[in-house]
Each structure stands twice: as C-alpha cells, then as structure tokens.
Amino acid sequence: MNFDILVIGGGHAGIEAAWIASSFKELNVGLVTFPDVPIGSTPCNPAVGGVGKGQVVRELDALGGLMGKLADESGIQYRILNESKGYAVQSTRVQVDKNLYAQAALNSVKSSRITLIYNEVLGVNKLEDGRFRLRLADSSDLHSHKLIITTGTFLNGKLHSGATVTRGGRHNSKSSNGMSEILSTVKTNSKRFKTGTPPRLDIETINFSVCEEQKSDHLAQNFHYANSHERKVAQVSCYLTRIMKSSLDIIRDNKDLSPMFNGQIQGIGPRYCPSIEDKAFRYLDRHEHHVFLEPEGLDCKTVYPNGISTSLPKEIQLAFLRKIPGLESAEIVIPGYAVEYDVVDTSRLDQSLMYGEIDGLYFAGQVNGTSGYEEAAAQGFVAGVNAALARLDRPQLIFSREDSYIGVLIEDLVTTTRDEPYRLFTARSENRLFLREDNAIIRMNKYNKIINLERSVDIFNSKFIAQYDLLCSLANEYRYKSKLGFPDYAGIFMGPQTLQELVCRGDIDPVEMLRLECRKFGVFFDESLIRCAAISLKYSGYIVRSNNELERLSRVSNKRIQWRELLKYSNISFECKQRIEQVQPETFHQLQKIEGIRPATLVFVAGTF
Ligand SMILES: Cc1cc2nc3c(=O)[nH]c(=O)nc-3n(C[C@H](O)[C@H](O)[C@H](O)COP(=O)(O)OP(=O)(O)OC[C@H]3O[C@@H](n4cnc5c(N)ncnc54)[C@H](O)[C@@H]3O)c2cc1C
C-alpha cells in the first residue's frame, strides 16, 4: 500500500488524473473512492460536451485522456451546437446513458494499471520523509509520494430539500468531513459554493406527444480519435417543453419555503446554471423558460428535466411541474435538491495545480470551485500528468491559454480567487477562432511531445499531423488554371487561384469543397482530417487578424476608460456590466484585471480607442 501517486475521489477529475498518471509505466498509482458512489457518475444532467466544453473533451482525447472515449461508449444522442454560426464556433454535445457511462468508466479503470480502492479517507497528513499518509475508514493506512484531492461537492457537503437539511455530498451519499489534518493547513475560499439539480421524473408519466421532439444530429462526430466518424449506437430523442406563468407563480408564491431565498442556503451558485427559483425571481418580466426533457439512459426509467433545478419542498416541486405541458401527470422519482460545499482557494495553486505551500499536494475538479464534468476532467488530467512528471523528476506540463481551453481554464483558476463557481465558455478565450474542436490534435501536439509516451493515441496523432501538413501544403500550392480544371464550381471560378484561396471564399463550403477535390484526385482522407484542414485554411487569415488584435490589447493597457459609457453598449454582457459597475475601473489595465471580464469584451473596448 505504498504508492507513487494516490488520487482521492473517483469522479471525472479523479479518474482522468489516475488514468494519465498510470500511463507512465514506472509509476504505481492508486485511486481511493467512496464505495457507494459509482466511478465517473453524472449526478447532474447526463451530457458531455457543449459550447467550449466539447473543445475540452477533444483536447483531452488528443492527449490520451478518457472522457471522449467514455462519452462515445455511452452516447445516446449527439448534437452539433452553434451549427448555424459557422464551423469555427461549433461544438459537440452528447447525451449519455448515465449507467453505461459509469460502467465504461469502471471498465477503463479496471483494465488499466490503477489500483482501485473502495474506502473512505478519514485523514491525511504529511510525514517527515515527504510522503502523505492516508487514514481509511477501515483503520488501514496508505502511503504516497504525491497526492491528488478530487473530492467534488463532498467537502463538508450539506444537502437542502425544502426545510430539510442533511449532511451529504449528493443524493444518497454522505459528505466528506475528514482529512482535517491536511485541510486545516490549506486555505479554502472564504465563501461556500452551491449547486442544484432538478427532480428526476418517471418516464411513464410524461406525455411526450405535446412536446417538441429533438432528434439526434446525424452529422455529429464521435469524440474519441479511434472511433469512426459516424455515430453507430441506438439513438433517443429529447423533448422540449416550457415552464410558464402558472408554474412560476407557484414558485413566486412560495418564496419563504425556498432555501435559496429564505436564508437557509448561504453558498453561491453557478451563474450560468441558475435554479428555477433564481429564474423566477431574477426575471420577473419573463413568464416562460425552456425545459428540455432528457432521458437518463436507454433502459433508465427516469427523465432529467433540464432547466428547472430546484431545492423547494417536494410538494411544491410537484405542484409547479404539473402545470408544465406534458408533465400534467408527472411523478417524481427523486426530488430536486441543492448541495453546499467547501472549495479551495485556487489562487494558492500553481499552473500544475499543486498547492504552493505543500509540495506534492494537488487539487482538481469541483473542489477547486469549478462547475461541470469537463472542467473537472481537464483539471484531473493536468494534476495527474504533472504529479507523474514531478515524481519522475521531469519538467512540468504547463498549458497555454493561447492554444488550449485547458490552458484558459487553468490560468483563470490560478490567477484569481473565485467569488462564484467557474464555468468554461468560449468567450473566456482570446483566441476562439483557433481553439476549435476540429484542430485539437494539432494544438495538443506540442504537449504530447512533452508527455513523450508511445501510446496508440500518439501513433494516431503523428499520422494525422503528417497528412494534415501534406493536405495544407497541397492546398497552398495547387493552382487552378482554367474552368476545365474546376468543374464543380465552374460558375464562380474567377481566374487562377490556389485551392486555399478558393476555400476562403464566402460562397464556398470549405469542408465540402476540400472533400470533393480530394475525391476528384483519387485521394481519400478521413473526414475529421478534411474538416481540420479545410477549416484551418479557411480561418488562417482571421487568426492572423485576431493575433494582431491581441497585440493591440497589450499596447493599450494604460489608456483611460469611461466605465459608465461601457454600461451603454449592448454587446457587453450583463455579467460584465455588473462587474464593471462594482469595480469602476479607470484604466484599461484595471478593466483587464477584473475577474469575469471576458476577453471578447476587452477586444471590443480596445476597439473603441
Ligand atoms: C446536486 C448536483 C448538481 C450539480 N449540478 C451541476 C450543474 O448544474 N452543472 C454542472 O455543470 N455541474 C453540476 N454538478 C457538478 C458535477 O457533478 C461536477 O462538476 C462533477 O461531477 C465534478 O467532478 P469531480 O470529479 O470534481 O467531483 P465528483 O464527481 O463530485 O466526484 C468526487 C468523488 O470524490 C469521492 N470522495 C469524496 N470524499 C471522499 C473521501 N473522503 N474518501 C474517498 N472518496 C471521496 C466521491 O466518492 C466521488 O467519487 C452538480 C453536482 C451535484 C452533486
């Protein structure tokens, strides 16, 4: 029971950390987790990916991480988000079967070199020889050189359902109140955070015929590099309905029973996943909100009503649910609830996610004040790979925000103190046109070189990159001379142009064109490669321009700004305006330093000088 690396917690952060650490054959890696919480479980909505997050899943997959593979093994509905907005900002979102996802996670862990230990960690302390000693609930001890804590919402977790408050990390699981020896020396955030979940509904009691069906998107792609382009598994539909005034009035009439508003919950919730109570009171003039009915699995008899997370008492939940079209006879299987928990002060972590004052101690996931499976998984990877590299006395792997959403996430976390749960979205990046799903393999190449393992993903990536380089250089060099050479687009042919120039034209779909041209010349590349090359060629000019914008940003740092004027612009978000009003920055530099100000806002303000 002596390990190089131990991970506490088998959630999305923990499994990713243990998985990558165990890819280093020299290391002995253990994962300790509560026996009653499935590995890789999805306590909130059973979906992976989405705007900004799909990019992270592809980055992890290109790095040899787990999440994309697990999502593919359990995916039951695929959607391309932002499809109408063009290739650069599209993201994949996969609805997963929650039981299959957890099963796939367990199978992966069991098939790896990770030692899985089902137990509760009651205490952790650091020994004089530099190792960590973990005290378990069965009175046994574990020792480890590096320790990664990924305890999610469990640290001093408290569950709220109406007036009932119980200790717990989530439904039917106890909280984690131990580890006090080590945690007493770790600085936690001064605020507690909170998250919530909607009631789960009995599928047999829902009338889907009055809801709008949302079918799976057949053009969406698998996440995992080794899986074919097209989706093969059985698909389910989701359904759209609406919560309306009659339901919102019930919520508004019961304000004093809401733990969110009667003072019972002190924790701060995620701004971008507001509870239905939040929506009812924040938007008094809105009388309708979407509710997406998402099946939790192929054989699961429960439905997740996305958009109405709540901690009101069960009878109030039932009352407002039954006013929603399609849910008139709905029965609740598990009532909605909220959880409050402690989070670590991430400004004390370095870019490898190591806690600065305790050598060898790493934190990753929701315990760092983030929200979401993908954010947790990305941090798990960063902590896991760096703990492994440190144990092997090798240089650390630091992700840059210029070429990865993982880098954006980590830099945002470690350079600020959170005042609310952090969620990743594309506007957090200055480089959105470059940080796409399609080019994740290219972007992760330099990091894989540092990891330097000869895994199957590395072999796949090398081939992909070689073919990508070949395709791009052909597109740059191949010049069409006449209409005859270019029959498919004869009507728009303007004279000698390179394939790259044609791909950049507004009236041409770059992916379709490159695919057609490759076929014409008898060369067959994988669809994901064609997409990557075509979109990279198309946006190369924009990316140069965007880099120039960034350079301009750094030059205007000391310019004075009129913060009141900024509140008048419609393209500055409500959140940013709130923060500007709070801080009242006088210079552009001060604006840049405000937590939560989006890079897109900075670019816009710089453009007004
Ligand atoms: C009620 C609820 C609502 C949520 N709502 C949302 C939402 O709206 N949007 C969203 O994006 N995300 C939501 N989430 C968050 C999402 O579940 C997390 O972001 C994600 O699961 C975090 O992953 P993690 O690995 O950090 O932690 P978790 O998945 O929570 O995993 C923590 C692991 O640590 C283990 N553990 C804890 N203490 C100990 C100990 N002492 N000994 C051994 N093992 C221990 C547990 O067994 C568990 O496996 C919600 C979570 C909950 C519980």
Side-chain angles (χ1 to χ4, degrees), residues 6-18 30-48 50 53 67 98 101-102 105 116-124 134-137 142 148-161 168-180 182-183 193-200 269-275 304 306-311 334-344 363-381 383 421-425:
L6 268 176
V7 180
I8 306 178
H12 304 273
I15 53 176
E16 211 69 64
L31 174 63
V32 200
T33 192
F34 275 154
D36 59 343
V37 181
I39 299 278
S41 57
T42 44
C44 204
N45 70 327
V48 171
K53 296 171 176 234
M67 187 167 244
K98 66 173 185 178
Y101 190 94
L116 180 58
I117 301 157
Y118 284 116
N119 216 316
E120 179 181 356
V121 179
L122 290 182
V124 178
L134 277 61
R135 204 160 29 81
L136 304 186
L142 301 174
I148 305 172
I149 298 182
T150 70
T151 45
T153 51
F154 289 72
L155 270 193
N156 294 320
K158 213 192 250 185
L159 307 180
H160 298 260
S161 183
R170 63 174 69 158
H171 175 69
N172 269 350
S173 306
K174 58 181 175 176
S175 59
S176 182
N177 306 314
M179 298 190 275
S180 47
I182 200 107
L183 291 176
F193 284 179
K194 165 252 156 192
T195 187
T197 198
R200 302 309 193 271
R271 182 185 290 264
Y272 298 98
C273 277
S275 64
Y304 178 94
N306 195 345
I308 50 170
S309 99
T310 178
S311 52
I334 304 169
Y337 65 96
V339 54
E340 273 184 302
Y341 51 96
D342 284 346
V343 291
V344 168
F363 287 93
Q366 190 119 352
V367 71
N368 280 346
T370 57
S371 162
Y373 309 132
E374 303 77 2
E375 288 85 342
Q379 292 170 68
F381 185 92
Y422 178 98
R423 186 176 167 186
L424 199 55
F425 41 79

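Residue indices begin at 1 and follow the sequence shown. When a ligand or atom number is given, it counts from 1 through the structure's own listing order.
- Of all the listed residues (Gly196, Pro43, Ser309, Ala364), Gly196 holds the heavy atom that lies closest to atom 3 (C) of ligand 1.
- Scanning all protein heavy atoms for the shortest distance to atom 11 (O) of ligand 1 gives Gly372 CA, 3.0 Å.
- Scanning the protein for heavy atoms near atom 30 (O) of ligand 1, the closest one is Arg170 NH2, 3.0 Å.
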Which donor-acceptor pairs under 3.5 Å do the side chains of residues 38-46 make with protein atoms, sequence neighbours left out?
from, atom 1, to, atom 2, distance (Å)
Ser41, OG, Pro38, O, 3.3
Ser41, OG, Arg170, NH1, 2.6

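- Atom 9 (N) of ligand 1 has as its closest protein heavy atom Cys273 SG, 3.6 Å.
- Contact atoms of ligand 1 toward Tyr337: 1 (C) (distance under 4.0 Å to a heavy atom of the residue).
- Counting only non-hydrogen atoms, the option in Val121, Asn45, Thr33 that gets closest to atom 42 (N) of ligand 1 is Val121.
- In this structure, atom 8 (O) of ligand 1 lies nearest to the protein heavy atom Cys44 SG, 3.4 Å.
- Using the six-membered ring where Trp is involved, Tyr341 and Phe193 have ring planes that are perpendicular, over 60° apart on the 30 and 60° scheme.
- Atom 15 (C) of ligand 1 has Gln366 OE1, 3.1 Å as its closest protein atom, hydrogens excluded (heavy atom only).
- Within the 3.5 Å criterion, the main-chain N or O of Gly365 finds a donor-acceptor partner in the side chain of Thr370.
- For Leu122, the closest heavy-atom approach to ligand 1 does not fall below 4.0 Å.
- Residues passing the side-chain hydrogen bond (donor to acceptor under 3.5 Å, both in side chains) test with Ser309: none are found, sequence neighbours excluded.
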